[in-house]
Amino acid sequence: MKTITVALGERAYPIAFCEGLISRAEPAHLEVLLERVGQSVFVVTNSTVAPLFLDGLLSKLSGKKCGYHCLPDGEQFKTLEQVEGIIGQLIEQGFTRDSTMIALGGGVVGDVAGFAAAIFQRGIPIIQIPTTLLSQVDSSVGGKTAVNHPLGKNMLGAFHQPSLVVIDVATLTSLNPREYAAGLAEIVKHAALADSDYFEWLEANIELIIERDLDCLAEMIAKSCQIKAEIVAEDETEQGRRGLLNLGHTFGHAIETLSGYGQVLHGEAVAIGLLMAADYSVRAGYIAQTVKTRLHALLSGFGLPVVAPPSLPVDLFKAAMARDKKATQAGMKLIVLQALGKAEILEDVDPAVLDETLADWLL
Ligand SMILES: NC(=O)c1ccc[n+]([C@@H]2O[C@H](COP(=O)([O-])OP(=O)(O)OC[C@H]3O[C@@H](n4cnc5c(N)ncnc54)[C@H](O)[C@@H]3O)[C@@H](O)[C@H]2O)c1
């Protein structure tokens, strides 16, 4: 069984690749799970994922005190109210601070359950079992947990590292094609910012990736997790290098905000944002046009959008970029490409270059 370690000293944890865990579970898979679950375990999932995988998971936990809570499905339920609901169930069902929580689902379930685990009785361990591509390569690793506030996305949260991440690539076969492609955008981001060989590998394997060949997926997800794990281990609370993972996100969040949450998926907005960041990088003289062309070809090859939605006003777009939570009191930060496989955090954004980029993209 392949594992990758997120090297965070006393809080280090493995990302374990357990294909088929939920459907058949080999003894080695069960061992890795059961040795981190104490005597009582509480599973948080949602109404879409539960019918697919909940019974399979609970059957592997027989002999433990088990409880579960099913969230309604959707980003609109990533709220404090749902966190209170989880905590109410924990208390009513007699779970205590020596219990372990399991998040079974996509990034929304992972973020809500992660935040509930971070604050229930000042924190209980959480195991992430992500079931979307985006959550397998991004949100389940790194310990960021959050819920939305009516005035802003992810405004309430905590760093709470999981004790284990279990990735079962077989769960991805039921994911709808749009959600699957959205996860690929984060994968392209990892390659673009950290590893040109990985970028070439993605270009060479487009067909197998689209077909969801499980061996190919396992290799790809492991590579992306490795990149994220290394960056998180270096800068757990995003004081510096972890900011590189926001490549494409400042533009992307403005697209999400202005087009109305839910219209454009996060990964779709990231795909367009990656191209806008590459465009800024070309105009500022950091990278050659060929890098942007290859990025464009790979993203469109994966079926992701490569043009901004129509009618996004430039002034509102700039205001949304400035309000991005990655911005600090000192101003907007932009992640730019220095080469294929190398990115940098730019503190002094050139307003003229930004204006040219926006004018070209927001017609
Ligand atoms: N914590 C972090 O570091 C981090 C990083 C990136 C994104 N996020 C957050 O993650 C969320 C997005 O996550 P997401 O893209 O996984 O979306 P999601 O959790 O909404 O899942 C997408 C859809 O797929 C369904 N689904 C999940 N697994 C499935 C499966 N195996 N088969 C069929 N359907 C399945 C879900 O029920 C949902 O309808 C956002 O809230 C975002 O803010 C967090």
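Numbering of ligands and ligand atoms starts at 1, following listing order. These figures come from a predicted structure and were not determined experimentally.
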Does Thr145 approach ligand 1 within less than 4.0 angstrom via side chain, backbone, both or neither, non-hydrogen atoms only? neither
Subset of ligand 1 atoms that lie under 4.0 Å from at least one heavy atom of Lys78: 9 (C), 40 (C), 41 (O), 42 (C), 43 (O)
Any chance the side chains of Asp279 and Thr357 put a donor and an acceptor closer than 3.5 Å? no
Taking atom CD of Gln338 as the centre, report whether more than 12 heavy atoms of other residues, nucleotides or ligands fall under 6.0 Å from it. yes
Are side-chain N/O atoms of Ser135 and Thr132 paired as donor and acceptor at under 3.5 Å? yes
Return the residue, atom name and 0.1 Å-rounded distance of the protein heavy atom closest to atom 6 (C) of ligand 1. Asp138 OD2, 3.5 Å
Exceeds 12 heavy-atom contacts within 6.0 angstrom, atom NZ of Lys2: no
What I want to know is whether Asn176 and ligand 1 share at least one N or O pair that is separated by under 3.5 angstrom. no
Taking N or O atoms only and a 3.5 Å limit, does Phe53 qualify as a polar contact for ligand 1? no
Among protein heavy atoms, which lies nearest atom 20 (O) of ligand 1, and at what distance? Val108 CG2, 3.5 Å
If the threshold is 4.0 Å, N to carboxylate O, is there a salt bridge linking Lys223 and Asp195? yes
Within-shell test, Lys153 vs ligand 1, heavy atom, strictly < 4.0 Å: yes
Sub-4.0 Å atoms of ligand 1 with respect to non-hydrogen atoms of Ser174: 30 (C), 31 (N), 32 (N), 33 (C)
Just to confirm my output: which protein heavy-atom neighbour is closest to atom 25 (C) of ligand 1, and how far is it? Thr48 CG2, 4.4 Å
Any luck finding a side-chain donor-acceptor pair between His160 and Thr145 under 3.5 Å? no
State the atoms of ligand 1, each with its element, that fall below the 4.0 Å cut-off from a heavy-atom position in Asn46. 36 (C), 37 (O)
Using a distance-only test with no angle check, is there a side-chain donor-acceptor pair under 3.5 angstrom linking Gln93 and His69? no
Hydrophobic cluster membership, with links at side-chain heavy-atom distances under 4.5 Å among I/L/V/M/F/W/Y: are Leu275 and Leu265 in one? no
Looking at ligand 1, does any of its N/O atoms fall within less than 3.5 Å of an N/O of Lys144? yes
Report the nearest protein non-hydrogen atom to atom 38 (C) of ligand 1: residue, atom name, distance rounded to 0.1 Å. Asp73 OD1, 3.4 Å
Is it the case that Thr131 and Thr171 place a side-chain donor and acceptor less than 3.5 Å from each other? no
Subset of ligand 1 atoms that lie under 4.0 Å from at least one heavy atom of Glu179: 22 (C), 23 (C)
Among Ala146, Gly143, Ser139, whose heavy atom sits nearest atom 2 (C) of ligand 1? Ser139
Polar-atom distance check: His266 versus ligand 1, any N or O pair below 3.5 Å? no
Whether over 12 other heavy atoms sit under 6.0 Å from Phe159 CZ: yes
Compute the shortest N/O to N/O distance between Glu75 and ligand 1 and return yes if it is under 3.5 Å, no if not. yes
Could you check whether Arg212 makes a cation-pi contact with Tyr180, meaning its NZ or CZ is under 6.0 Å from the centre of the six-membered ring and within 45° of the ring axis? yes
Counting heavy atoms only, which of Asp111, Leu175, Asn154, Leu134 is nearest atom 44 (C) of ligand 1? Asp111
Protein contact of atom 28 (N) of ligand 1 - nearest heavy atom, named by residue and atom, plus distance: Thr131 OG1, 2.7 Å
Purely on distance, is any nitrogen or oxygen of Val141 under 3.5 Å from one on ligand 1? no
Indicate the ring-plane relationship of Phe42 and Phe95, choosing parallel, tilted or perpendicular according to the 30° and 60° boundaries. perpendicular
Those atoms of ligand 1 less than 4.0 Å from some heavy atom in Gly107: 10 (O), 11 (C), 13 (O), 14 (P), 16 (O), 19 (O)
If you have a sec, work out which protein heavy atom is nearest atom 27 (C) of ligand 1 and how many Å separate them, to one decimal? Thr132 CG2, 3.3 Å
In ligand 1, which numbered atoms sit nearer than 4.0 Å to a non-hydrogen atom of Leu52? 32 (N), 33 (C)
For Glu35, is the CD atom crowded, meaning more than 12 foreign heavy atoms sit under 6.0 Å from it? yes
